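Here is the structure we will look at.
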Amino acid sequence: MHAWFVGHCVFGPLISDWHRHGAIDRRANTVGFLSMVAVFIISLALGGGTTVLVIQTIALTCAGAFVLSRPEPP
């Protein structure tokens, strides 16, 4: 499965950038961050409980900060 991901036309370059530079492409960075925002909005719309929303806010904030702090590949 590893060989499939590394050789994949979409995932391969992203994995390579991460391994070589610890970097995330701007497009992938944006898609990841917007996906996190969408998940939170869906949870709000579905009436998620307060505890769930607090935990989700903390987890998504930490994950979003990490994703956004990664440099772009050269």
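Just so it is clear, the values below take in all heavy atoms, side chains as well, and ignore hydrogens, waters and symmetry mates. Every value quoted in this text rests on a predicted model; they were computed, and no experiment measured them.
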Test side chain to side chain contact (heavy atoms under 4.5 Å, CB included) on Leu53 and Ser43; report intermediate values, then the result.
CA-CA 7 Å; Leu53 291 174; Ser43 293; 3.8 Å; yes
Side-chain touch Asp17/Glu72, heavy atoms, less than 4.5 angstrom
no
Answer yes or no: does atom CZ of Phe33 have more than 12 heavy-atom neighbours from other residues, nucleotides or ligands under 6.0 Å?
no
Can you tell me how far apart CZ (Phe66) and CD1 (Ile24) are? Round to the nearest 0.5 Å.
6.0 Å
Output, in order, the C-alpha distance, side-chain angles, deciding distance and verdict of side chain to side chain contact (heavy atoms under 4.5 Å, CB included) for Asn29 and Leu68.
CA-CA 7 Å; Asn29 217 333; Leu68 292 176; 3.7 Å; yes
Between CD1 of Ile55 and CG of Leu60, what distance do you get to the nearest 0.5 Å?
11.5 Å
Would you indicate whether the side-chain heavy atoms of Ser16 and Val6 approach each other to under 4.5 Å?
no
Is there side-chain contact between Ile15 and His8, with heavy atoms separated by less than 4.5 Å?
no
Heavy atoms, side chains only, cut-off 4.5 Å: are Pro71 and His21 in contact?
no
Spacing of Trp18 atom CH2 and Asp25 atom CG [to the nearest 0.5 Å]:
13.5 Å
Tell me whether Met36 shares a hydrophobic cluster with Ile41, the cluster being built from Ile, Leu, Val, Met, Phe, Trp, Tyr side chains joined at under 4.5 Å.
no
Going by the angle between their ring planes, with limits at 30° and 60°, are His19 and His2 parallel, tilted or perpendicular?
perpendicular
If you measure from CZ on Phe5 to CG on Leu14, what distance do you get to the nearest 0.5 Å?
11.5 Å
